[in-house]
Amino acid sequence: MSPLAFVLTLSCYRRCPSRFSTPYSHNLLVLFSSTATTITPPNGNESPSSGPSPPPIRVALTESTGRAVFATRGIGAGDTIHTAKPIVSHPSLSAITSVCYFCLKKIDAVTASQSQGVSFCSENCKESSKVFYDVEKKADWLAFDDYCRTQGLKYPLLVKRLACMVISGAAPAGILDILQPANLTQGMILKMEEGFHLLRNALVKANIGDEHTSFLTKQWYTDVLARIRINAFRIELAAGVYEDLLSLASASIEAEAAVGNAIYMLPSFYNHDCDPNTHIVWMENADAKLKALRDIDEGEELRICYIDASMSYDARESLLTQGFGFKCNCLRCMSGD
């Protein structure tokens, strides 16, 4: 099975009947779609295919790192390897009034479509948001949002949105189970309990019955957070036209601030390298593009950098150990660079 088919297979979970459900026949499929733009032909005289081709990648298990992504053919520097839509995303609380509540695109008051204090960049995004917003707007999230804001937390917001998607029937409760979880200490789990209770209480007070929230246990909440903790991507938009990949990568790093966070399926299978051959960028919204930073050979593993690659060796080692739970053994780190 190809990586694309593997990802799309996850959309075949049967959706549970729910009084919150509305006919979103294609929404779940779209959430998992990954496509590739045309790859530059190896012979410059050949004409590229008129339509998108399958991503030139495969996902395989390795002895050292578990799942990994490999090139199935040569990929040229600057080529878009594939794109990916988020499974779930959420704007940063600091950006809540300046980005689309669904796709995280930056917006202005003139073009925005507003709904109960949040804005959407288009009627299409407003309609697409119903997979979570029809449930979300029934509850009072003041206490939950204040908890996230005062504690400096961003990932519980993704859990809240995912919970609303499950209640609406737009996603199965175990949609993130395939992703690698972080190792949580008992102390970390105890700190998560307040967020769980605030989330559940908000839904209970909104008269959303147990038949729709039976999945929402403390175990589910901590399991989802454990996966989000090491698989979430910080969305920094790099809107504009850039002549080369280095300029584009620099623009992403130097963005004013993250507009939000998101979880993707296929990009989460990419392993880390402090000298990566692949870069993930966001141009206008939360739709991700994975681009080759250099020429990549057939069979070569595709890797991205989970952190700012310009950091010193000690800083990178500390951040990767504390934030992701592993010591990097890439060639750059092995050389002490």
Side-chain angles (χ1 to χ4, degrees), residues 20 22 24 27 30-31 84-168 170-171 194-195 198-199 201-203 205-206 208 224-225 228-229 232-240 251-264 280-289:
F20 297 105
T22 49
Y24 311 126
N27 280 351
V30 169
L31 287 172
K85 290 183 178 293
I87 301 170
V88 59
S89 61
H90 197 286
S92 302
L93 290 177
S94 61
I96 207 83
T97 60
S98 59
V99 301
C100 176
Y101 201 54
F102 180 76
C103 77
L104 309 190
K105 180 180 180 179
K106 289 187 177 181
I107 55 178
D108 56 62
V110 176
T111 60
S113 173
Q114 295 190 344
S115 177
Q116 296 187 352
V118 298
S119 300
F120 300 94
C121 68
S122 65
E123 287 299 321
N124 182 57
C125 277
K126 186 176 181 179
E127 180 68 21
S128 298
S129 74
K130 289 182 177 180
V131 294
F132 59 84
Y133 196 53
D134 278 359
V135 175
E136 185 178 316
K137 65 186 179 183
K138 295 176 181 291
D140 181 356
W141 298 104
L142 181 61
F144 186 85
D145 288 351
D146 281 347
Y147 159 74
C148 292
R149 186 178 291 105
T150 56
Q151 299 293 321
L153 302 174
K154 51 193 176 181
Y155 299 147
L157 297 169
L158 290 169
V159 183
K160 177 190 78 172
R161 181 157 292 184
L162 181 58
C164 292
M165 291 169 64
V166 175
I167 292 169
S168 75
E194 183 179 359
L198 288 170
L199 173 59
N201 288 344
L203 295 170
K205 289 179 180 179
I208 298 175
V224 169
L225 266 182
I228 290 176
R229 182 179 173 86
F233 287 83
R234 172 186 169 100
I235 310 302
E236 295 178 325
L237 303 181
S252 295
I253 292 172
E254 294 174 1
E256 291 181 4
V259 297
N261 296 275
I263 295 289
Y264 304 86
I280 183 167
V281 295
W282 297 270
M283 297 304 296
E284 292 186 335
N285 54 32
D287 292 351
K289 283 188 176 183

- Message: Quick check for you: to the nearest 0.5 Å, what is the distance between Tyr133 atom OH and Ser128 atom OG?
- Response: 14.5 Å
- Does Ser129 reach the main-chain N or O of Phe102 with its side chain, forming a donor-acceptor pair under 3.5 Å? no
- Message: Counting C-beta onward and ignoring hydrogens, is there a side-chain heavy-atom pair between Ile235 and Asn285 closer than 4.5 Å?
- Response: no
- Message: Please give me the minimum heavy-atom distance between Ala232 and Leu158, naming the atom from each residue.
- Response: CB-CD1, 4.4 Å
- NZ on Lys105 to CG on Asp287, rounded to 0.5 Å: 11.0 Å
- Item | Heavy-atom side-chain contact between Phe144 and Leu157 under 4.5 Å | yes
- Task: For Pro156 and Leu225, work out which heavy atoms get closest and say how close.
- Result: N-CD2, 4.0 Å
- Roughly how far apart are Leu199 CG and Glu194 CD, rounded to 0.5 Å? 12.5 Å
- Query: Shortest non-hydrogen contact from Arg234 to Ala258?
  - Reply: CG-CB, 3.4 Å
- Where do Cys100 and Cys103 come nearest, in terms of heavy atoms and distance? SG-N, 3.5 Å
- Query: Any donor-acceptor pair under 3.5 Å linking the side chain of Ser122 with the backbone of Cys125?
  - Reply: yes
- Pairwise distance CG(Leu104) to CG(Leu237) - rounded to 0.5 angstrom: 7.5 Å
- Message: I need the Ile263 CD1 to Ser89 OG distance, nearest 0.5 Å.
- Response: 10.0 Å
- Would you indicate whether the side-chain heavy atoms of Val118 and Lys137 approach each other to under 4.5 Å? no
- Kindly give the heavy-atom pair with the smallest separation between Ala286 and Pro86, and that separation in Å. O-CD, 3.7 Å
- Task: Could you walk me through whether Val88 and Tyr264 pass side-chain contact (heavy atoms from CB on, under 4.5 Å), step by step?
- Result: CA-CA 7 Å; Val88 59; Tyr264 304 86; over 6 Å; no
- One should read off an interatomic distance between Asp145 CG and Lys160 NZ, to the nearest 0.5 angstrom, of 4.5 Å
- Are any of the side-chain heavy atoms of Lys205 and Asp140 separated by less than 4.5 Å? no
- Can you check whether Asn261 reaches Pro91 side chain to side chain, under 4.5 Å on heavy atoms? no
- Please examine the side chains of His90 and Ile96, heavy atoms only from C-beta on, and report whether any two atoms are closer than 4.5 Å. yes
Throw together a table of side-chain donor-acceptor distances under 3.5 angstrom for residues 148-155, partners on residues two or more places apart or in other chains.
unit_1: Arg149; atom_1: NH1; unit_2: Asp146; atom_2: OD1; d: 3.0
unit_1: Thr150; atom_1: OG1; unit_2: Asp146; atom_2: O; d: 2.8
unit_1: Thr150; atom_1: OG1; unit_2: Tyr147; atom_2: O; d: 3.3

- Message: Could you check whether any side-chain heavy atom of Phe132 comes within less than 4.5 Å of a side-chain heavy atom of Ile167, counting everything from C-beta outward?
- Response: no
